[in-house]
There are 4 protein chains.
Amino acid sequence: MTEKPRPLRADAARNRARVLQVAYETFAEEGAAVPIDEIARRAGVGAGTIYRHFPTKESLFRAIVADRLRQVVERTREQAAVDPGEGLYAFLVHMAEQGATDLGLTEAFAGIGFDLAEALPDVEKEFTGLMADILAQAQRAGTVRSDVDVADIKTLIVGLQAMRRFRGDSELMHRVYPVIRAGLAAPPD
Amino acid sequence: MTEKPRPLRADAARNRARVLQVAYETFAEEGAAVPIDEIARRAGVGAGTIYRHFPTKESLFRAIVADRLRQVVERTREQAAVDPGEGLYAFLVHMAEQGATDLGLTEAFAGIGFDLAEALPDVEKEFTGLMADILAQAQRAGTVRSDVDVADIKTLIVGLQAMRRFRGDSELMHRVYPVIRAGLAAPPD
Amino acid sequence: MTEKPRPLRADAARNRARVLQVAYETFAEEGAAVPIDEIARRAGVGAGTIYRHFPTKESLFRAIVADRLRQVVERTREQAAVDPGEGLYAFLVHMAEQGATDLGLTEAFAGIGFDLAEALPDVEKEFTGLMADILAQAQRAGTVRSDVDVADIKTLIVGLQAMRRFRGDSELMHRVYPVIRAGLAAPPD
Amino acid sequence: MTEKPRPLRADAARNRARVLQVAYETFAEEGAAVPIDEIARRAGVGAGTIYRHFPTKESLFRAIVADRLRQVVERTREQAAVDPGEGLYAFLVHMAEQGATDLGLTEAFAGIGFDLAEALPDVEKEFTGLMADILAQAQRAGTVRSDVDVADIKTLIVGLQAMRRFRGDSELMHRVYPVIRAGLAAPPD
DNA sequence: TATGAATGAGTGTTCATTCAT
DNA sequence: GATGAATGAACACTCATTCAT
């Protein structure tokens, strides 16, 4: 029974996209606590314009998180289709990268003041489904030990995102990610 | 150029200790965004009293972090003396635990809006020294692969703290910590 | 120095009438604080269209008040022609009814943030003239005491409108209006 | 189980009283829609000071209304003790006076955006009780017709307050109040 | 010295009005 | 002419910090 969301006027669509982009960058840099006015300033629009497109600050935040996660899901599915044994690792790397540049996403994913499953149930479901698929694939391919489950993977993502923000991407990938990977690949005790 | 910190009167010292304790608990529960008035209320003192001992909210936060880290250092040194091969693992577990119960400390350690080396250079130096010692010990004992360094361990702590806040202590210890440990113990490629 | 109001195009005239009607209903239901956008939404026009016909929100409000008062004047004149002794009472009842359903009109009439004589001098003049006429008629007919004047009647209207909004129409008519009427009919002390 | 409201410090008590007084005057002049900042400005305090004493704008408004109504109740009881037949009329006059100078009180009493019975049940109860008492007294004394009840009196107060704001006190008392009084004194049809 | 009251800049959000499409 | 998007000045309320008591 949702209203057909009639296409936005060209200028409005441009502004909406611009707000999303700037809000993404700003939340990424400053975390979810940045004032809306700061986002408006950076986007070169009035605060009211943001509120025309997103009724609350939280809804703007949600829109960004949903967008990011959808991109990760898509890229991961593509890669997992090509190399099932590597799908999970590719996913971990994507998520670490996202968390690196995106303070807001990390907070959202770690549930700091934001419950993903409650706020974006659809995205959460698709996301969890993806993880279950690629984890099972990797376990069948023998690249991931058999005793880890989806909850463990989620936990590792939270950890990797935190680490990625703490450490440069190149260093994380060359020095710490191999440790995690070795731990995941190791046979259970 | 530091003032000689003349000894506090007994009641003032008691107040200072009480504020530290309550502030620790409160930041741990509520995160760094909790109002100073809430800490004052819980401590049963006026807000002014807190500002007498700590000139800004941030300085109070710093004092707590320093205090916590000193405790971890002490406990870790004791355990490392007993079993050098386990010292580093004991340390990781202590830090994860601290991060678990201490939202404020995690933020501080991960450098979210707070740079430890800049804010508390003395503590940071001692802390890094400890890590170098116990890492070297473990590598000599053969329990940790030879190609990880202190920076890698710091990074893993950031990750573990984030994970510990995301996941219950028992589950983290039984399900994810073994993965990290297996990765650290594995021989380099 | 007023612009000659050149005749509106048919569609524009239709829009203007529609806005007036919807604005009347909306102000009546929601009071003068209702956003212009809400009126536009209900009327199925853009906000800009309202501003084309009425340069400010207040001017729209004025137009409605004028319209309503003209209707009351007309109906009252008709009834007073039939029964001069009852004309004033019919008028009071009409005005109370208007105030009942029309939060905006009541505010306008009572001068809450809106001065009728200043804002709509023409309407005010006609309105006052009507009251003078029907009051004199009623006094000649002996149905209203001789010592009340037009200002008193205006005052009573303000009171009746306030009362009507406070109390249901039926109850006001059966229980309180008779008291007012008895007071007006009573001979002067 | 209410906290014993320990006595305020002298300066705080002075400020609280000042805020109440200024807020009373300001609401009276401007109505309930005045910004809190305006009240703060007039009182010569920061907005935060008002919020220290009254947690919301509405609670400040409530405090004023309660205070005013209690004064009216008290004065009316005194006068009714002296002359039972006049008690109700004295009450009507008091309430009209209050409404005259107090736009906020009128709005509260007429229920414009504020439900007295819900917001201040104690005051409302005492108030209604007073009206029942003095109305019965007056009816026993024969100064008020037997067929009006408390709800009718409330309605008349709403009307009188609206009228009093519309018309000067002296004129209302000399010209319109006698009409109401005659209507109330008249025998039922 | 301790208290907690006062300050005032800052936050999310709304809405009358203007203006590009 | 009509549309509805953009603007930006409010507003209620919060909180780190200062200061009178």
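First the proteins, then the strands, lettered A, B, ... as listed; each starts at 1.
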Listed nucleotide nearest any side-chain atom of [X], set [options]:
X	options	answer
D/Asp37	F/dA5, F/dC13, F/dA2	F/dC13
D/His53	E/dA2, F/dT3, E/dA6	E/dA6
A/Tyr51	E/dA2, E/dG12, F/dA6	E/dG12
B/Ile36	E/dT18, E/dA5, F/dA16	F/dA16
A/Asn15	F/dC15, E/dG4, F/dA6	F/dA6

Exercise. F/dT3 P sits how many Å from C/Ile50 CD1, rounded?
Worked result: 10 Å

Problem set entry | Distance, rounded to the nearest Å, where D/Arg52 contributes CZ and F/dT18 contributes C1' |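 Between C1' of F/dT18 and CZ of D/Arg52: 13 Å.
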
Exercise. Given side chains that start at C-beta, do those of C/Ile36 and C/Leu60 come closer than 4.5 Å, heavy atoms only?
Worked result: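 Counting from C-beta outward, C/Ile36 and C/Leu60 do come under 4.5 Å.
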
For this session: Evaluate the side-chain proximity of D/Arg18 to D/Val45: yes if any heavy-atom separation is below 4.5 Å, no if none is.
Result: no

Problem set entry | DNA chain F: stems of at least 3 consecutive Watson-Crick or G-U pairs whose donor-acceptor distances fall under 3.5 Å |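 Only these stems qualify: E:2-21 with F:2-21.
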
Seminar exercise, completed: By nearest-nucleotide position on DNA chain E, the 5'-leaning member of A/Pro55 and A/Arg14 is A/Pro55

Exercise. Between C/Ala47 and A/Lys57, who's closer to the 5' end of DNA chain E by nearest nucleotide?
Worked result: A/Lys57

Seminar exercise, completed: On a heavy-atom basis, the closest approach of B/Arg42 and B/Val22 is CB-CG1, 3.5 Å

For this session: State the OG1-CD distance between D/Thr26 and D/Gln21, to the nearest 0.5 angstrom.
Result: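 That separation rounds to 9.5 Å.
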
Seminar exercise, completed: Note: for A/Asp11 and D/Pro35 on DNA chain F, the residue whose nearest nucleotide lies more 5' is A/Asp11

Problem set entry | Residue-phosphate contact under 4.0 Å: D/Thr49 side-chain N/O, E/dT7 OP1/OP2 | yes

For this session: Please name all residues satisfying side chain to side chain contact (heavy atoms under 4.5 Å, CB included) with B/Arg70, sequence neighbours left out, ordered by chain then number.
Result: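 Testing B/Arg70 for side chain to side chain contact (heavy atoms under 4.5 Å, CB included), a comparison that skips the adjacent residues, returns B/Ala66, B/Val123.
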
Exercise. Sub-3.5 Å donor-acceptor pair from the side chain of D/Lys57 to the main-chain atoms of D/Val34, do we have one?
Worked result: yes

